[in-house]
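This report refers to the structure that appears directly beneath it.
Worth knowing before you read on, the calculation uses all heavy atoms, side chains too, and leaves out hydrogens, waters and symmetry mates. For ligands, and for the atoms within them, numbers begin at 1 and follow the listed sequence.
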Amino acid sequence: MSVTRKAVAGAERLVVKVGSSALTTAGSGLDVERLNALVDALAARIAQGSQLVLVSSGAIGAGLAPLALGKRPKDLATQQAAASVGQLQLAHAYAESFGRYALTVGQVLLTSDDVVRRSHYRNAQRTFSRLLALGAVPVVNENDTVATEEIRFGDNDRLAALVAHLIGADALVLLSDVDGLYDGDPRDGATRKIAEVADDSDVEGITVGMSSSGLGTGGMVSKLAAARTAAAAGIPVLLAAASEASRALSTAEVGTAFAAADSRLSARRFWLGYAAGPTGRLQLDDGAVAAVVRRRRSLLAAGITGVSGDFQAGDVVELVDPAQRVVARGVVAFDATELPELIGRSSHELPAEQRREVVHADDLVPLRR
Ligand SMILES: Nc1ncnc2c1ncn2[C@@H]1O[C@H](COP(=O)(O)OP(=O)(O)O)[C@@H](O)[C@H]1O
Ligand SMILES: N[C@@H](CCC(=O)OP(=O)(O)O)C(=O)O
């Protein structure tokens with residue numbers, strides 16, 4: 001058994017995310033039998049002494065049938081209406097199902113603001129800690145009914161990765177309708193399952209596609225992004241089929257295991273690198289990329305070849321290499337309007353009041369490649 005799988009199997013505190021495709025079908029909505037089977041596996045893990053937070057999709061899928069909607073709506077208003085109806089069903093079904101084990105559930109509905117804004121982040125941390133201390137099982141979903149495009153997580157895989165860091169989880173388990181990450185969409189046949197992902201080189205060149213059920217949002221794209229985010233933050237990840245939840249949560253000997261980075265990112269560096277919303281981009285030359293990523297130095301104006309976005313000093317911006325790949329994120333020390341006359345110039349050519357770093361090393365997070 002790999003170190004990662006041992007870490008997942010032995011995690012004292014874990015986040016489990018289950019997708020729409022595992023719980024709902026377009027025709028009949030929420031499948032309570034499948035939900036109960038999932039809860040059986042979750043309750044068994046809790047009985048072994050683990051604390052567990054469940055991120056559950058399925059609100060939109062559960063709301064379709066009661067509103068006589070044949071398939072997942074494309075417009076936001078109808079999605080929000082379906083989620084409003086379906087979330088009630090989902091919450092009730094979980095309360096009933098966990099109740100079979102005398103377990104109490106608490107509903108936590110979040111928007112990305114609750115994780116991205118530092119004050120909201122600490123508030124959410126306190127709520128989760130208190131719920132877990134009281135022995136309740138927090139059941140989380142995006143607050144679809146109020147989440148406008150600007151404040152949506154977009155998918156629950158990303159939400160689950162952010163919640164895993166927020167609660168200091170020891171592992172993240174992503175449950176779907178597929179039994180792991182393949183080198184191509186298994187619906188297309190002739191693909192190979194990847195058992196272990198040590199780093200990004202193990203997933204280079206594979207094809208990841210969108211949802212198969214038409215009910216999900218993120219597809220494998222969002223799962224892979226979420227696994228990389230959590231792993232970079234120091235949290236091991238297991239991606240498995242919801243139908244194998246019992247084995248995934250007991251022995252972790254199924255699915256795809258994503259190894260965690262050697263050290264856990266601090267809350268601020270995780271927020272900076274993965275939660276905050278960037279408002280601009282700085283184009284770096286190769287020398288600046290090497291300085292920032294490999295030598296963890298501050299970014300100076302001399303290494304910048306381009307600026308885009310309407311950002312202010314103090315905002316979070318992306319740093320991209322000459323091939324437009326995002327290599328880091330950081331807090332920029334200048335307004336976007338100030339930089340064009342500074343970039344490409346050495347510090348000694350600049351007026352004294354402008355000789356400071358464009359992004360200081362302490363405010364810069366290289367992204368795991
Ligand atoms: N490389 C891949 N490996 C595994 N599954 C993939 C891949 N590319 C696309 N998929 C598809 O992604 C689907 C899972 O995404 P989705 O339906 O959004 O699940 P969920 O509802 O659990 O979020 C799988 O059913 C599979 O058909
Ligand atoms: N908040 C939405 C979930 C959106 C989502 O990420 O769905 P999925 O890709 O199936 O995990 C809902 O409950 O329907």
Check: [X] N/O within less than 3.5 Å of ligand 2 N/O:
| X | answer |
| --- | --- |
| N156 | yes |
| D155 | no |
| S57 | yes |
| A59 | yes |
| S56 | no |
| I60 | yes |
| G219 | no |
| D144 | yes |
| K17 | yes |

- State whether the side chain of R269 and the backbone N or O of L364 hold a donor-acceptor pair below 3.5 Å, judged by distance alone.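 Flag set: sc R269 to bb L364 pair under 3.5 Å.
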
Backbone or side-chain N or O of [X] under 3.5 Å from ligand 1 N or O:
| X | value |
| --- | --- |
| D157 | no |
| D183 | no |
| V208 | no |

- Query: Which atoms of ligand 2 sit under 4.0 Å from any heavy atom of G19?
  - Reply: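 It comes down to these atoms of ligand 2: 10 (O), 11 (O).
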
- Message: Using 30° and 60° as the class boundaries, would you call the ring planes of Y121 and H165 parallel, tilted or perpendicular?
- Response: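 Aromatic pair Y121/H165 classed tilted.
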
- Any non-hydrogen atom of G58 lying under 4.0 Å from ligand 2?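 True for this residue.
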
- Query: For S97 and N36, which heavy atoms make the closest approach, and how far apart are they?
  - Reply: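 Minimum heavy-atom contact is OG-OD1, 2.6 Å.
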
- E196 bridged to R5 by N-O distance under 4.0 Å: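 A salt bridge links E196 with R5.
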
- Item | Check: Q87/N141 side-chain N/O donor and acceptor closer than 3.5 Å |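 Present: a donor and an acceptor within the cut-off.
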
- D335 and T337 side chains, donor-acceptor separation under 3.5 Å: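 Side-chain D/A pair, T337 to D335: absent.
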
- Can you hop from V163 to L238 via hydrophobic side chains spaced under 4.5 Å?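 No, no single cluster joins them.
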
- Query: Do the side chains of V307 and V332 join up, straight or via other hydrophobic residues, at under 4.5 Å, putting them in one cluster?
  - Reply: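 Yes; tracing contacts between hydrophobic side chains, which count when under 4.5 Å, links both residues.
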
- Query: Is R356 close enough and on-axis enough to F334, meaning under 6.0 Å and within 45°, for cation-pi?
  - Reply: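 Because its charged atom sits under 6.0 Å from the ring centre and within 45° of the axis, R356 does stack over F334.
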
- Using a 4.0 Å heavy-atom threshold (strictly under), name the region of N141 that reaches ligand 2: side chain, backbone, both or neither.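 Side chain only.
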
- Please say which of L54, V16, V55 ends up in a side chain to side chain contact (heavy atoms under 4.5 Å, CB included) with L175.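 For L175, the side chain to side chain contact (heavy atoms under 4.5 Å, CB included) test succeeds with only one of L54, V16, V55, which is V16.
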
- Applying side chain to side chain contact (heavy atoms under 4.5 Å, CB included) between V15 and each of L174, V173, I235, I167, report the one that passes.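 With V15 as partner, side chain to side chain contact (heavy atoms under 4.5 Å, CB included) holds for just one option, I167.
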
Indicate, as side chain, backbone, both or neither, the part of [X] found under 4.0 angstrom from ligand 1 when only non-hydrogen atoms are considered.
| X | answer |
| --- | --- |
| R187 | side chain |
| A22 | neither |
| R192 | neither |
| V18 | neither |

